[in-house]
Enquirer: 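One structure, as structure tokens, below. Some questions next.
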Amino acid sequence: MNALESILGDLAASPAARGLDRSLSCRLPDLGQVVRGRLARGSVHDLRAEPEGQSLEKADIRLTMSSDDLVDLTEGRLSFGPAWASGRVKLEAGLRDLLRLRMML
């Protein structure tokens, strides 16, 4: 949870995130968990973990990665761009959100 708060906090603090108010989720299949929250007002709010498959709610911004890749991203051993390009990290969002996220990442 700390690793995810770190990555999402950096994302939320980006000037490109100003005015953004979106639900988000990060699926960690190796742990069988989904972490849900909200990106708004320059920070991440209401992060909570739940078992995978428990909720039918579909977040506006959805990430999927292993817990090891999440830790590597947090500790700087893995960069988001190459991880996304190689399929280690999956990012799903609407076109407008993807364009805005591109500026933040």
Side-chain angles (χ1 to χ4, degrees):
M1 193 65 101
N2 290 335
L4 193 56
E5 285 176 353
S6 173
I7 288 175
L8 294 175
D10 291 346
L11 185 70
S14 166
R18 187 170 297 132
L20 193 63
D21 184 4
R22 297 285 187 271
S23 62
L24 54 90
S25 68
C26 182
R27 189 169 73 89
L28 303 164
D30 59 320
L31 300 179
Q33 296 281 308
V34 175
V35 178
R36 298 184 183 281
R38 185 138 209 106
L39 179 66
R41 299 180 308 277
S43 62
V44 179
H45 305 274
D46 306 323
L47 281 183
R48 66 197 180 282
E50 58 188 47
E52 190 172 10
Q54 179 177 332
S55 175
L56 298 176
E57 175 187 342
K58 188 175 180 181
D60 298 320
I61 300 169
R62 298 169 303 281
L63 293 163
T64 302
M65 67 188 81
S66 73
S67 59
D68 290 337
D69 287 340
L70 175 60
V71 171
D72 287 348
L73 281 168
T74 303
E75 294 180 354
R77 292 189 300 258
L78 182 64
S79 295
F80 188 87
W84 174 74
S86 68
R88 290 174 68 177
V89 173
K90 293 183 176 84
L91 172 64
E92 299 173 83
L95 182 58
R96 183 178 297 174
D97 289 333
L98 285 173
L99 291 173
R100 195 172 233 185
L101 286 168
R102 180 180 58 89
M103 291 185 291
M104 293 188 293
L105 300 171

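Predicted, not measured: the structure shown is a model, and the values here were computed from it.
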Enquirer: Could you work out, with salt bridge (Lys or Arg N to Asp or Glu O under 4.0 Å) as the rule, every residue matching R62, not counting sequence neighbours?
Expert: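 Applying salt bridge (Lys or Arg N to Asp or Glu O under 4.0 Å) to R62 gives none.
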Enquirer: Taking only residues two or more places apart in sequence, or in another chain, which ones meet S67 in a side-chain contact (heavy atoms from CB on, under 4.5 Å)?
Expert: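 Once residues adjacent in sequence are excluded, the partners of S67 under the side-chain contact (heavy atoms from CB on, under 4.5 Å) criterion are D30, L31.
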Enquirer: Taking the side chain as everything from C-beta on, heavy atoms only, tell me whether L70 gets closer than 4.5 Å to V89.
Expert: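 Heavy-atom side-chain distance check fails, nothing below 4.5 Å.
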Enquirer: Near R96 CZ, under 6.0 Å, is it more than 12 heavy atoms from other residues, nucleotides or ligands?
Expert: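 Open.
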Enquirer: Kindly give the heavy-atom pair with the smallest separation between P51 and Q33, and that separation in Å.
Expert: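 Looks like CA-NE2, 4.1 Å.
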Enquirer: What are the two closest heavy atoms between A59 and S23, and how far apart are they?
Expert: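 Shortest heavy-atom separation between A59 and S23 comes out as CA-OG, 3.3 Å.
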Enquirer: If you round to the nearest 0.5 Å, how far is CG of L20 from CD1 of I61?
Expert: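 Going from the CD1 atom of I61 to the CG atom of L20 covers 5.5 Å.
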Enquirer: List the residues meeting salt bridge (Lys or Arg N to Asp or Glu O under 4.0 Å) with R77, not counting sequence neighbours, and say none if there are none.
Expert: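 Testing R77 for salt bridge (Lys or Arg N to Asp or Glu O under 4.0 Å), a comparison that skips the adjacent residues, returns D72, E75.
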Enquirer: What about V34 and V71, same hydrophobic cluster or not, with Ile/Leu/Val/Met/Phe/Trp/Tyr joined at side-chain heavy-atom distances under 4.5 Å?
Expert: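 Result: no, two separate clusters.
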Enquirer: According to side chain to side chain donor-acceptor pair (under 3.5 Å), who are the partners of S66, at least two apart in sequence or on a separate chain?
Expert: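 Checked S66 against side chain to side chain donor-acceptor pair (under 3.5 Å); matches are D69.
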Enquirer: A side-chain contact here means heavy atoms from C-beta on lying under 4.5 Å apart; do C26 and M65 qualify?
Expert: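 Yes, their side chains come closer than 4.5 Å.
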Enquirer: Check side chain to side chain donor-acceptor pair (under 3.5 Å) between D21 and all other residues, then give those that pass, not counting sequence neighbours.
Expert: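 With sequence neighbours excluded, D21 shows a side chain to side chain donor-acceptor pair (under 3.5 Å) to R38, given in chain and number order.
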Enquirer: Could you tell me if the side chain of R48 sits less than 4.5 Å from the side chain of V35, heavy atoms only?
Expert: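 Not touching, per the 4.5 Å side-chain cut-off.
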Enquirer: Quick one: list whatever passes side-chain contact (heavy atoms from CB on, under 4.5 Å) with T64, sequence neighbours left out.
Expert: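 Checked T64 against side-chain contact (heavy atoms from CB on, under 4.5 Å); matches are R27, P29, K90.
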Enquirer: Which atoms form the tightest heavy-atom contact between L73 and F80, and what is the distance?
Expert: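 Scanning both residues completely, I find the closest heavy atoms to be CD2-N, 3.7 Å.
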Enquirer: Only counting residues at least two apart or in another chain, list the ones meeting side chain to side chain donor-acceptor pair (under 3.5 Å) with S43.
Expert: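 Side chain to side chain donor-acceptor pair (under 3.5 Å) list for S43, sorted by chain: H45.
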